[in-house]
Amino acid sequence: MWSLSQKSFEPDLGKREQQMSNLKLFAIFAFSTCGGYSGGLRLSVDCVNKTDSDLSIDIAFAYPFRLHQVTFEVPTCEGKEREKLALTGDSSSSAEFFVTVAVFAFLYSLAATVVYIFFQNKYRENNRGPLIDFIVTVVFSFLWLVGSSAWAKGLSDVKVATDPKEVLLLMSACKQPSNKCMAVHSPVMSSLNTSVVFGFLNFILWAGNIWFVFKETGWHSSGQRYLPDPMEKHSSSYNQGRYNQDSYGSGGGYSQQESLGPASDEFGQQSSGPASFSNPI
């Protein structure tokens, strides 16, 4: 029975290879949708004096979203003078951390796949491979949770900073009611929203793999090794009960035989008394 349970908990490296392929794919989606993003918005300022107007003000921004470094020029509607402005905010730390976690998760998944295919004996030797795999999986699960949460907050800040209505408030010309300011084109954030979704999906996948990696470690197999088998426990209890019953039966017979011995002797002595008494008569 123990050999069957031990065999059932041997590392299933083929299944782990498939899981790592899924992790690689999701990691690629995560850092490509965030790290490869570039977008922009377009504004228009229609001054009272039409010659001072600018109906196509393009503002471009991209990863890593250092928005305070994104500058653009707008008309002041006071002659040919123009003012230089910049977007507000800096979400580079959360974005770069998110992309870094995704890249390292992809590289580890790739390296683990190579180990599963070509170095199975080294992986199983001294249980070192499963233990390292388990620790790294726990670490990446935590990093995905932190990175995805931080990037979700950073993306919210990016959306606020690049909102055309917020950008128009920075322009002095738009503070005058006689001038008409409007948004021509808003930035498209669909790929960035997708990156956040893939970030939390990666967290779910890595956290779910913790159990599968734990099953490959010696901690799980040793716990299963010393679990009592139900059939063996039932058989031992049955044999013990049968032994007690047999010993009780044999002891009872022996005591009964001993109790009958003295009774027979006593009975014999009582019967011999009258016999010896009748002879003299």
Side-chain angles (χ1 to χ4, degrees), residues 1-36 94-153 155 191-233:
M1 295 298 295
W2 177 83
S3 60
L4 293 178
S5 61
Q6 183 186 19
K7 184 178 180 181
S8 62
F9 290 107
E10 289 182 353
D12 190 357
L13 298 184
K15 187 175 182 179
R16 289 291 297 148
E17 180 184 350
Q18 181 63 34
Q19 292 173 347
M20 283 299 173
S21 299
N22 297 333
L23 294 177
K24 285 187 294 184
L25 184 62
F26 277 80
I28 291 174
F29 287 149
F31 70 73
S32 62
T33 52
C34 179
S94 59
E96 289 175 342
F97 180 75
F98 178 80
V99 172
T100 301
V101 171
V103 171
F104 277 99
F106 168 76
L107 294 177
Y108 177 77
S109 301
L110 183 62
T113 303
V114 174
V115 171
Y116 294 154
I117 296 176
F118 300 103
F119 302 98
Q120 295 186 14
N121 295 331
K122 292 292 183 181
Y123 179 84
R124 299 179 180 179
E125 184 178 359
N126 297 328
N127 202 33
R128 185 176 302 174
L131 290 178
I132 295 175
D133 199 5
F134 174 75
I135 295 173
V136 174
T137 302
V138 173
V139 171
F140 269 111
S141 300
F142 175 75
L143 292 178
W144 273 117
L145 177 61
V146 175
S148 301
S149 301
W151 171 228
K153 177 60 171 62
L155 178 57
S191 62
L192 297 181
N193 295 330
T194 305
S195 67
V196 174
V197 173
F198 275 111
F200 284 105
L201 285 177
N202 275 283
F203 162 69
I204 294 174
L205 289 176
W206 282 87
N209 281 332
I210 293 177
W211 169 247
F212 295 101
V213 181
F214 177 75
K215 289 171 62 177
E216 299 175 3
T217 62
W219 301 329
H220 183 270
S221 59
S222 61
Q224 292 292 331
R225 183 180 305 174
Y226 295 104
L227 286 178
D229 185 72
M231 296 299 296
E232 293 179 356
K233 184 177 180 181

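Note that the coordinates shown come from a computational prediction; the quantities given were computed from them, not determined experimentally.
Side-chain contact check for Tyr116 versus Asp133: some heavy-atom pair is nearer than 4.5 Å. Using a 4.5 Å heavy-atom threshold, the side chains of Ser149 and Phe203 count as separate.
Here the straight-line distance linking atom SG of Cys34 with atom CG of Asn193 works out to 11.0 Å at 0.5 Å rounding. The distance from the NZ atom of Lys24 to the CG atom of Leu107 is 11.0 Å, given to the nearest 0.5 Å. Residue Ser94 holds its OG atom at 8.5 Å from CG of Leu155, rounded to the nearest 0.5 Å. Here the CZ atom belonging to Phe212 is positioned 12.0 Å from the OG1 atom belonging to Thr137, to the nearest 0.5 angstrom. Rounding to the nearest 0.5 Å gives a distance of 10.5 Å between CG of Leu143 and CZ of Phe104. The distance from atom OG of Ser148 to atom CZ of Phe198, rounded to the nearest 0.5 Å, is 12.0 Å.
Not counting sequence neighbours, Asn22 has no partner by the side-chain hydrogen bond (donor to acceptor under 3.5 Å, both in side chains) test.
None of Val103, Val136, Leu23 except one satisfies the side-chain contact (heavy atoms from CB on, under 4.5 Å) rule with Tyr108; the exception is Val136.
Closest approach of Ala27 to Ala102, counting heavy atoms only: CB-O, 3.7 Å. For the residue pair Val101 and Phe140, the shortest heavy atom distance occurs at O-CE2, 4.0 Å. Between Gly35 and Val99, the closest heavy-atom pair is N-CG2, 4.0 Å. Counting all heavy atoms, side chain and backbone alike, Met20 lies closest to Ala112 at CE-CB, 4.0 Å. Of all heavy-atom pairs spanning Trp206 and Ser109, the tightest one is CZ2-OG, 3.6 Å.
Using cut-offs of 30° and 60° for the angle between ring planes, the Phe98 and Trp144 rings count as perpendicular. Ring-plane geometry between Phe106 and Phe31 is classed as perpendicular, the angle between the planes exceeding 60 degrees on a 0 to 90 degree scale with a lower cut at 30.
When atom types are taken as modelled, the side chain of Ser195 and the backbone of Thr33 share no donor-acceptor pair closer than 3.5 angstrom. In this structure, the side chain of Asn202 engages the main chain of Phe26 through a donor-acceptor pair within 3.5 Å.
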